[in-house]
Amino acid sequence: MALTVGVLALQGGVIEHLSLLRKAADYLTSTGATQLKSNDFEFIEVRTKEQLSRCDALIIPGGESTTMGIVAARLGLLEPLRQFVKVENKPVWGTCAGLVMLAETASATKQGGQELVGGLDVRVLRNRFGTQIDSFVADLKLPFLGEEETPFRGVFIRAPVVEEIMASQEAAEGVKSKSEDPVEVLATVPAGKAEKAAASEDIVAVRQRNVFGTSFHPELTQDIRIHVWWLKQVLNAGRHQDLVSR
Amino acid sequence: MATNGTTTNGAVDGADAFTVKAGLAQMLKGGVIMDVTTAAEARIAEEAGACAVMALERVPADIRKEGGVARMSDPAMIKEIQEAVTIPVMAKARIGHIVECQILEALGVDYIDESEVLTPADDKYHVQKSDFKAPFVCGCRNLGEALRRIREGAAMIRTKGEAGTGDIVEAVKHIRTVNDEIAKAKAALEGPGGGELALAMMAREIGADFELLKKTAQLGRLPVVNFAAGGVATPADAALMMSLGCDGVFVGSGIFKDATPEHAARRARAIVKATANFTDHQALIEACIEHGSSMKGINNAELKPEEKMAGRGW
């Protein structure tokens with residue numbers, strides 16, 4: 001039994017995620033949190049449909065979301081990605097540009113809009129905090145890591161935020177099936193100075209079903225906690241449930 | 001921004017500030033940054049999948065042809081480009097021109113290129129880049145030059161190549177030189193006594209900071225992202241530089257020189273495709289066909305030493 005986790009490698013911070021995934025897997029196996037052995041975890045770069053189809057879970061990394069959308073479309077990867085996220089319901093995590101890709105809609109996009117994968121019933125606002133000069137590092141309280149945990153150093157680079165949680169397509173159509181899986185807000189930061197701020201807080205981490213998104217870049221730190229937490233979620237999902245030690 | 005005392009780059013700015021600066025470059029990896037001179041060109045680049053644009057007054061090929069003093073771009077043009085696209089907008093300042101850099105930072109430019117393509121403003125000093133909140137990219141011909149720029153605060157490095165020629169030979173020479181010197185530093189590190197003496201001697205020889213050289217040797221690569229630049233004119237050139245270990249590609253004159261807007265858009269898409277799929281030969285064939293004719297270019301070997309831009313800076 002093995003677990004294959006892919007990182008979408010069209011552009012952006014790919015090896016940073018691969019490196020932290022490897023460390024997180026080593027941590028999980030060394031602490032006995034899983035029956036899997038270190039070499040049962042396989043982490044791969046994903047550029048093709050074939051590579052994607054091998055994956056049990058996927059990370060869409062930071063990068064430029066417009067570039068990723070255009071390259072994914074030209075490689076014929078958008079539909080397979082949508083299938084992976086929305087039909088097969090496999091665990092997916094998007095960081096920064098990856099969060100944008102996983103949103104159902106996005107604002108402040110390029111003229112004519114941009115291609116998205118979707119999966120999270122949210123609207124993201126790109127470049128929420130301004131240009132690169134407004135990029136920052138902030139301590140985040142992440143209760144999902146455990147209430148006692150020390151703050152996480154959140155690296156925000158030209159970062160998007162979730163500006164609105166929307167009624168899901170199914171809910172809008174009066175179908176009940178998925179409305180039981182609302183979008184959970186997992187972290188916020190005090191609203192930035194931008195005049196677009198509608199609320200006092202900006203949403204920077206969300207989860208809905210198996211789809212997880214963060215505005216910030218855990219892969220630009222040496223802190224493995226979110227990667228460890230997410231790998232546990234992956235192990236808990238679907239067919240790997242039997243591999244998690246209780 | 002927070003200053004934590006410890007630094008990751010050996011320069012004086014705080015660790016968090018440098019993480020954010022270098023982090024943007026990490027997010028550009030695997031992408032293509034295109035020189036543009038108008039908002040319309042910037043839109044073509046964005047639609048083709050460029051991960052950023054470099055706003056400048058004239059492409060290097062035209063600077064080369066027309067001569068005169070090449071300076072920072074007109075802020076009005078930079079603003080137009082910033083309004084036209086959502087991807088990062090970079091702009092060039094002259095080597096050592098602190099005030100041009102201050103103006104670009106105040107404009108909210110996402111990255112400043114302290115560039116040898118423009119006419120140098122200072123014949124001795126580069127800009128102390130750690131003093132700025134905006135991140136900087138700088139060119140290099142070898143490891144010593146790269147580490148000197150990083151020591152000054154550069155958060156991203158590129159080869160100098162020979163801009164505006166469409167001849168890849170100098171960019172290849174520069175990335176190979178950097179790679180060879182990193183291999184040498186690595187070998188030194190693995191030598192007797194943890195390589196301290198050998199690394200100290202090498203640091204002196206190449207004019208680099210010892211700690212930065214040691215870090216480079218430990219990492220087996222530059223401590224910041226390293227892009228190709230200077231002479232990339234075709235999808236195959238871009239893929240060549242990626243295969244030599246570059247993290248991404250700048251294309252200067254190669255997109256818009258000797259091309260209609262429609263042809264430039266095809267070239268731009270082709271180079272994006274080749275960069276993202278540089279090991280996939282089928283994708284490279286498709287990219288070459290889509291690219292069509294390339295800029296005519298200038299054979300680097302026919303340039304006189306004083307006509308070369310790569311020699312500017314130290």
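Treat the numbers as computed from the prediction; the structure is a model and nothing was measured. Below, read A as the first sequence line, B as the second, and so on, with proteins coming before strands; counting in each chain starts at 1.
Atom CD1 of Ile133(A) is separated from atom CZ of Phe132(B) by 10.0 Å, given to the nearest 0.5 angstrom. To the nearest 0.5 angstrom, Thr275(B) atom OG1 is 13.0 Å from Leu10(A) atom CG. Within the model, atoms CG of Leu107(B) and OG1 of Thr131(A) stand 10.0 Å from one another, a figure rounded to the nearest 0.5 Å. Rounding to the nearest 0.5 Å gives a distance of 10.0 Å between OG1 of Thr48(A) and CG of Asn277(B). The CZ atom of Arg158(A) lies 6.5 Å from the CG atom of Leu24(B); values are rounded to the nearest 0.5 Å.
Residue contact with chain A, scored on non-hydrogen atoms closer than 4.5 Å, involves the backbone of Ala48(B) exclusively. Heavy atoms of Thr109(A) lying under 4.5 Å from chain B belong exclusively to its backbone. Using a 4.5 Å cut-off between heavy atoms, Gln82(B) does not touch chain A at all. Contact of Ala50(B) with chain A is made through the backbone alone, with heavy-atom distances under 4.5 Å.
In this structure Phe84(A) satisfies the ring-ring contact (aromatic ring centres under 6.0 Å, His included) test with no other residue, sequence neighbours excluded.
Crowding of Ile98(B) atom CD1: a count of heavy atoms from other residues, nucleotides or ligands under 6.0 Å not exceeding 12. Crowding of Tyr27(A) atom OH: a count of heavy atoms from other residues, nucleotides or ligands under 6.0 Å not exceeding 12.
Side-chain atoms of Val20(B) and Gln132(A), non-hydrogen and from C-beta on, do get closer than 4.5 Å to each other. Side chains of Glu64(A) and Pro88(B) form a contact here, defined as non-hydrogen atoms less than 4.5 Å apart. Counting heavy atoms from C-beta outward, Val272(B) and Val71(A) have side chains that approach closer than 4.5 Å.
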Can you give the donor-acceptor pairs under 3.5 Å from side chains of residues 25-33 of chain B to other protein atoms, not counting sequence neighbours?
residue: Gln26(B); atom: NE2; partner: Glu16(A); partner atom: OE2; Å: 2.8
residue: Lys29(B); atom: NZ; partner: Glu16(A); partner atom: OE1; Å: 3.1
residue: Lys29(B); atom: NZ; partner: Glu16(A); partner atom: OE2; Å: 2.6

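Between chain B and the options Gly13(A), Ala97(A), Gly112(A), Ser65(A), the largest number of non-hydrogen pairs under 4.5 Å is found for Gly13(A). Most heavy-atom pairs under 4.5 Å with chain B: of the set Glu219(A), Met68(A), Gln114(A), Lys110(A), this distinction falls to Lys110(A). In terms of heavy-atom pairs under 4.5 angstrom with chain A, the leader among Glu46(B), Arg43(B), Lys273(B) is Arg43(B).
Judged purely by atom type and a 3.5 angstrom limit, Asn127(A) uses its side chain to pair as donor or acceptor with the backbone of Thr86(B).
What you find for Thr19(B) and Leu220(A) is that their closest heavy atoms are CG2-O, 4.1 Å.
With salt bridges taken as basic N to acidic carboxylate O contacts below 4.0 Å, none links Asp280(B) and Arg47(A).
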